[in-house]
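Each ligand, and each atom within it, is numbered from 1 in the order the structure gives. As a basis for the values below, the full set of heavy atoms in this structure was taken, side chains included, without hydrogen atoms, waters or symmetry mates. From a predicted model like this one, the values you see are computed outputs, not experimental measurements.
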Amino acid sequence: MQMAHPKPHAVVIPYPYQGHVTPMINLSIRLASRGFTITFVQTELIHHFICKAQNLPAANFDLFAEARKSGLDIRYTTISDGFPLDFDRDLNFNEYWESMFRDFPDRVDKIVTTTMEADVLPKTPPFLLVADTFYTWPATIAKKHNMVNVSVWTEPAIVFSLNYNLELLRQNGHVPYNGNADNHINYIPGIQSFSTRDLMTYLQDPEAIPMLIKIAEKGFEQVRKADFILCNTVEELELETLSSLNQKHPTYAVGPINFYTDFTKTSIARSLWSESDCTQWLNSKPSGSVLYVSFGSIAHSNKEEIGELAHGLLISEVYFVWVLRPDIIGGKESDVLPEDFKDVVKDKGLIVPWCNQNIVLSSPATGGFLTHCGWNSILESTWFGVPMICYPSLVDQPTNRKLVVDDWKIGVDLCKGEQVRREEVASQVNILMRGESSVQMKQQIKKVSKKLHDSLGAEGSSHRNFDRFEVDLKAKFCTRSP
Ligand code: UDP
């Protein structure tokens, strides 16, 4: 569907992490292909990461140059987060986010102002601000500039709803959980049968990293004022939760945004790290025999945990591709695996610092995914019909785990929050990848995978919801005073 002229102009601002940048790029391409002008605003840090990963000079690199050649109107610019590139944002998490609350909004405001001033001829277009829900300023800035405010939620609807109902959780003694009340949560609209142990880690233990709950609280103050919420989920998978959210705010399930574009064909760089090619190795392995192991872009580990996982993989005798980021245990220690591990493993395992996850998951050789339960990883694994061993560690991961294991039955738990043990790793690998249980799990994930694929089809719910969003957005522009 084409919009009336002049073309709406969306200023798009992703959250500066891998799992948020990728969906925002895909969403921008979708909007541009539907006739929107896009100004994509990337933090300088992420820009440098992507350039380094591609071996390209950061000074001249335009992420969307190729997309423009194919006729899409996507402009690209960068914004400073206020810190030098070599500043360790993980190590100085509090300082970084305090500054993002305090100083970043002014910089966003300037970019929005410049972008709008530059696009008034021959006629001023309707402007919209498309920003991540976790940001603490979108409603304020959109209001100031009379823009329509579209909030983009890159996690499941259930996590949105729990954040949205934080006050209710507090009133019931479940955040923080005082141990007195029943740990069963049954009063959140659209969420049935939920336990405190499935809450996001920053709600289970707000004091562990207080900045996390602060970010969520500030973001959710703003999202209440958003005009539209786009959610990277699928209606058929979270129907009740989405229905109840929709009664409060216009919420559109438009996922999986991860597969808006063909991941094998796109010319737009998304990866923050250089990708090792695993294809040849995977091609040499029997169908369904390889376990893919990755804990995403943020989660950290320690030597003991990695040691147990490594020995567990050895005991299981499974083939594996293991993504071990160089910063996986923090700092610069590179020697994280048990002594002689690589010699013992030989051709059984391929250990890489980073890879193209979708290429690995789509390989016929891949039969299981030992995952930290990041939402993108879950969507990607489900899309390719790869059952999961769930090993969540922080933020939304325990909540995502519940969907995979308890609700959709497309994965198994690993150690349920207890210290990981090698014997359990081996046993869960067996359950997931061998015998009758594995056949059942594969049949079940095929059904869920079909829901994801269908949702993006011409008659699918996400396709329909995106159309509906576009119509409602257009109506909103018409009712806006100039
Ligand atoms: N990813 C990747 N290569 C890797 C590991 C991860 O491309 O070696 C991508 C993965 O495909 C996913 C994202 O990084 O899209 C991680 O997002 P997720 O939400 O799963 O976890 P997070 O990194 O946010 O914890």
Side-chain angles (χ1 to χ4, degrees), residues 14-27 46 49-50 53-54 89-90 93 132-134 152-156 158-160 200-202 209 212 215-216 231-233 255-264 266 268-279 281-282 290-301 320-328 349-363 366 369-384 386 388-401 403-404 411 452:
Y15 211 53
Y17 294 99
Q18 178 76 74
H20 297 250
V21 169
T22 308
M24 214 55 138
I25 290 176
N26 293 357
L27 180 64
I46 299 294
F49 265 96
I50 293 179
Q54 301 288 313
R89 286 148 180 87
D90 285 346
F93 192 69
D132 197 287
T133 307
F134 276 123
V152 180
W153 179 246
T154 62
E155 294 175 11
I158 191 172
V159 176
F160 187 101
M200 295 83 86
T201 52
Y202 54 85
I209 311 176
L212 289 176
I215 291 172
C231 199
N232 190 15
T233 190
I257 300 175
N258 309 56
F259 296 101
Y260 277 5
T261 56
D262 181 345
F263 73 99
T264 57
T266 178
I268 299 164
R270 294 162 172 77
S271 190
L272 270 59
W273 295 277
S274 155
E275 294 165 345
S276 301
D277 187 357
C278 308
T279 318
W281 187 91
L282 284 165
V290 175
L291 179 73
Y292 171 59
V293 186
S294 169
F295 304 126
S297 62
I298 299 164
H300 290 291
S301 183
F320 63 88
V321 172
W322 190 353
V323 176
L324 270 178
R325 299 191 326 266
D327 68 337
I328 189 74
L350 180 67
I351 297 159
V352 294
W354 192 253
C355 66
N356 184 320
Q357 180 161 298
N358 283 328
I359 289 183
V360 173
L361 288 171
S362 65
S363 163
T366 304
F369 182 5
L370 170 46
T371 173
H372 71 309
C373 297
W375 184 238
N376 292 285
S377 292
I378 289 172
L379 288 175
E380 291 160 6
S381 205
T382 308
W383 180 268
F384 293 112
V386 177
M388 289 157 264
I389 301 177
C390 293
Y391 187 51
S393 71
L394 75 163
V395 291
D396 58 330
Q397 296 153 21
T399 319
N400 304 341
R401 179 219 68 83
L403 297 177
V404 172
L452 293 196

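Residue-ligand proximity: Cys355 is placed with a non-hydrogen atom under 4.0 Å from ligand 1. Note on ligand 1: Trp354 sits in its first shell, one or more heavy atoms being nearer than 4.0 Å. For Trp322, the heavy-atom gap to ligand 1 stays at 4.0 angstrom or more. A heavy-atom separation below 4.0 Å is found between His372 and ligand 1.
Classification of the Phe49-Trp273 ring pair by plane angle, with boundaries at 30° and 60°, yields perpendicular. Between Tyr17 and Tyr15, the ring planes lie tilted relative to each other; the angle falls in the 30° to 60° range.
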Evaluate side chain to side chain contact (heavy atoms under 4.5 Å, CB included) for Tyr292 paired with Ser381, printing each intermediate quantity in order. CA-CA 10 Å; Tyr292 171 59; Ser381 205; over 6 Å; no

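Applying side chain to side chain donor-acceptor pair (under 3.5 Å) to Trp354 and the options Ser274, Ser271, Ser276 leaves one that passes, Ser271. Just one of Ser377, Cys390, Ser294 meets the side-chain contact (heavy atoms from CB on, under 4.5 Å) condition when paired with His372; it is Ser377.
When side chains are defined from C-beta on, Phe259 counts as touching Asn358, because their heavy atoms get closer than 4.5 Å.
In this structure, Gln397 contributes its side chain and Ser393 its backbone to a donor-acceptor pair below 3.5 Å. Listed for the Thr233 side chain is no donor-acceptor partner under 3.5 Å among the backbone atoms of Pro156.
Residue Asn356 places no N or O, backbone or side chain, under 3.5 Å from any N or O of ligand 1. An N or O contact shorter than 3.5 Å is missing between Gly296 and ligand 1 by distance. Considering backbone and side-chain atoms together, Ser297 places an N or O closer than 3.5 Å to an N or O of ligand 1.
For ligand 1, the atoms closer than 4.0 angstrom to any heavy atom of Trp375 are 19 (O). Under a 4.0 Å criterion applied to the non-hydrogen atoms of Ser294, ligand 1 contributes the atoms 5 (C).
When non-hydrogen atoms are compared, ligand 1 lies under 4.0 Å from the side chain of Glu380 (C-beta onward) but not from its backbone. Looking at Tyr292 against ligand 1, only its side chain comes within 4.0 Å, counting heavy atoms.
In terms of protein heavy atoms, atom 19 (O) of ligand 1 is closest to Asn376 ND2, 2.9 Å. Nearest non-hydrogen protein atom to atom 13 (C) of ligand 1 is Gln18 CG, 4.0 Å. The shortest contact between atom 20 (O) of ligand 1 and any protein heavy atom is with Ser377 OG, 2.6 Å.
Remark: the His20 side chain and the Thr154 side chain contain an N/O donor-acceptor pair separated by less than 3.5 Å.
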